[in-house]
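Counting starts at 1 for both ligands and their atoms, following the listed order. Computed from a predicted structure; not experimentally measured.
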Amino acid sequence: MAEPRLWTPADARDWIAVPDADSDKYSRGVLGVVTGSDRYPGAAVIGVEAAIRTGVGMVRYLGADRPANLVLQRRPEIVTAEGRVQAWLIGSGMDPGKLTREESSLLDSALHGGEPVVADAGSLRRVAAGAHQRAFGVDESWRIVATPHVGELATMLSGLGSPAEVGAIRADPVSYAADVAARLGIVVVLKGGTTHVVAPDGDAITVSGGSPWLATAGTGDALAGIIGALVATNAERVLADPGCLASVAASGVLLHAAAGDAAAAEGPLAALDVAEAVRGVVGGLLR
Ligand SMILES: NC(=O)C1=CN([C@@H]2O[C@H](COP(=O)(O)OP(=O)(O)OC[C@H]3O[C@@H](n4cnc5c(N)ncnc54)[C@H](OP(=O)(O)O)[C@@H]3O)[C@@H](O)[C@H]2O)[C@@H](O)CC1
Ligand SMILES: Nc1ncnc2c1ncn2[C@@H]1O[C@H](COP(=O)(O)OP(=O)(O)O)[C@@H](O)[C@H]1O
């Protein structure tokens, strides 16, 4: 396995799609979002806020009523009607053991739809079960980015029939992430104090340096929203060259770390502060 590459702000800058005079909300990219639940409605609010502050043409939110109402309360810009999307963000704030039939069906539609997908939390078991592979074959399933923390990676490994202790994963994170990435044909973003982005071919990118104040509830939901927005706004490039999905994901991790630093500069941060701070980080990279 090659040495992990360190991602830089200049690398991330290349994946910020800047609108021009010919752009419209559709051409910029629409992100479909299936996140949140009655149990964890806040995850939907945090992810959507992070996505729109990263920059996207439109967010279509298709979750349950309680999170949908909270999302709309904070962001009336969000559209809750079905329609075409360029990418999906799924699973944050969803409990895989307590999904309603409607939620299960929304997750499966996103995984089987053919668009790139950012799969978080409650959707990871489905990804580990290989539903996307059965639909597309392993070679065409590069379009999925999974964002587990070590506990969730352990669950994915169990689902793949290779259980591993969390301690063992922490001791050798890139190898375990690479194993899951290769077997499922997906990009794995293994979150932690240092985050590793690993492609199915074993190429690894390391992003370190985010403030330890990021260790607070909901910051992973913000990360998923940031990556979702980047994938939606780069969907054409991703579909033309799925191999670039790891670069898009690494750029999202870098924006998230920088937003964490910006938010932490003012004192202890909350996840929504991180989502709000992405705007300034993107603006700074573009100056
Ligand atoms: N406001 C909201 O709506 C919020 C909603 N949220 C939503 O909540 C849902 C549950 O997500 P979750 O991550 O809290 O719990 P879960 O997936 O059950 O795994 C936890 C187990 O894994 C282990 N573990 C090991 N290392 C770990 C690590 N670094 N970080 C975390 N865990 C680690 C550890 O086990 P242990 O090592 O203690 O045996 C632990 O018991 C999910 O849908 C998420 O989106 C949250 O985002 C918060 C804000
Ligand atoms: N000590 C730390 N230093 C820097 N970043 C961290 C640290 N701990 C966690 N993070 C980041 O915070 C986020 C936490 O995500 P996650 O574990 O999914 O929490 P949640 O489910 O509550 O959103 C990840 O992006 C992770 O990389």
Test salt bridge (charged side-chain N to carboxylate O under 4.0 Å, His left out) applied to D203 and R5, step by step: CA-CA 8 Å; D203 274 359; R5 177 173 169 194; over 6 Å; no

Side-chain donor-acceptor pair present, D120, T147, cut-off under 3.5 Å: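 There is such a pair (donor and acceptor under 3.5 Å, judged by atom type) between the side chains of D120 and T147.
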
We want to know whether S37 and R66 form a side-chain donor-acceptor pair, criterion being a heavy-atom distance below 3.5 angstrom.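 Result is no, nothing qualifies.
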
Considering only heavy atoms of [X], which atoms of ligand 2 have at least one such atom less than 4.0 Å away?
{"X": "G210", "answer": "3 (N), 4 (C)"}
{"X": "H149", "answer": "17 (O), 18 (O)"}
{"X": "A217", "answer": "22 (O)"}
{"X": "D221", "answer": "23 (O)"}
{"X": "T195", "answer": "27 (O)"}

Report the part of E165 (side chain from C-beta onward, or backbone N, CA, C, O) that has a heavy atom under 4.0 Å from ligand 1; answer both or neither where that applies. neither

Is ligand 1 under 4.0 Å from a heavy atom in the side chain of A43, in the backbone, in both, or in neither?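 Both backbone and side chain of A43 come within 4.0 Å of ligand 1.
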
Out of all atoms in ligand 1, which are within 4.0 Å of some heavy atom of [X]? Include the element for each.
{"X": "S92", "answer": "45 (O)"}
{"X": "E152", "answer": "17 (O)"}
{"X": "R170", "answer": "25 (C), 26 (N)"}
{"X": "G151", "answer": "22 (O), 23 (C), 24 (N), 25 (C), 26 (N)"}

Contact region, T219 to ligand 2, non-hydrogen atoms below 4.0 Å, reads both

Measure S92 to ligand 2 on non-hydrogen atoms and call it side chain, backbone, both or neither using the 4.0 Å cut-off.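 Near ligand 2, S92 shows nothing, with every heavy atom at 4.0 Å or more.
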
Apply the test salt bridge (charged side-chain N to carboxylate O under 4.0 Å, His left out) to residues R125 and D95: give CA-CA distance (whole Å), side-chain angles for both, the deciding distance (0.1 Å), then the verdict. CA-CA 10 Å; R125 276 197 213 168; D95 183 336; 5.6 Å; no

Closest to atom 2 (C) of ligand 2 (judged by heavy-atom distance), picking from G151, G209, G193: G193

Among A257, A215, G218, closest by any non-hydrogen atom to atom 22 (O) of ligand 2: G218

Starting from [atom], what is the nearest protein heavy atom, named by residue and atom, and what distance separates them?
{"atom": "atom 47 (O) of ligand 1", "value": "D221 OD2, 2.8 Å"}
{"atom": "atom 43 (O) of ligand 1", "value": "G93 N, 3.0 Å"}
{"atom": "atom 21 (C) of ligand 1", "value": "H149 CE1, 4.5 Å"}

If I apply the N/O under 3.5 Å rule, does L214 come out as touching ligand 2?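 Min N/O separation from ligand 2 is below 3.5 Å for L214.
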
Does R279, at its CZ atom, have more than 12 non-hydrogen atoms belonging to other residues, nucleotides or ligands within less than 6.0 Å? no

Exceeds 12 heavy-atom contacts within 6.0 angstrom, atom CD of E77: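 Buried by this count: over 12 neighbours within 6.0 Å.
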
Ligand 1 to [X] polar contact by distance, N or O atoms, under 3.5 Å:
{"X": "M94", "value": "yes"}
{"X": "D120", "value": "no"}
{"X": "A121", "value": "no"}

Look up [atom] and tell me if a protein heavy atom lies less than 4.0 Å from it?
{"atom": "atom 11 (O) of ligand 1", "answer": "no"}
{"atom": "atom 8 (O) of ligand 1", "answer": "yes"}
{"atom": "atom 34 (C) of ligand 1", "answer": "no"}
{"atom": "atom 41 (O) of ligand 1", "answer": "no"}

Using atom types as modelled and distance alone, determine if a side-chain donor or acceptor of Q86 lies under 3.5 Å from a backbone N or O of V30.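 Indeed, once roles are kept as given, a pair shorter than 3.5 Å links the two residues.
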
Hphob cluster co-occupancy, Y61 + I46, side-chain heavy atoms under 4.5 angstrom: no

Checking D24 against R28 for the salt bridge (charged side-chain N to carboxylate O under 4.0 Å, His left out) test, could you report, in this order, the C-alpha distance in whole Å, the side-chain angles of both residues, the deciding distance, and whether it holds? CA-CA 6 Å; D24 61 52; R28 287 186 64 196; over 6 Å; no

What's the verdict on salt bridge (charged side-chain N to carboxylate O under 4.0 Å, His left out) for R75 and E49, showing C-alpha distance, side-chain angles and the deciding distance? CA-CA 8 Å; R75 283 288 160 205; E49 179 75 18; 2.9 Å; yes

Hey, what do you get for CG (L272) to CZ (R53), rounding to the nearest 0.5 Å?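 Rounded to the nearest 0.5 Å, the CG-CZ separation comes out at 10.5 Å.
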
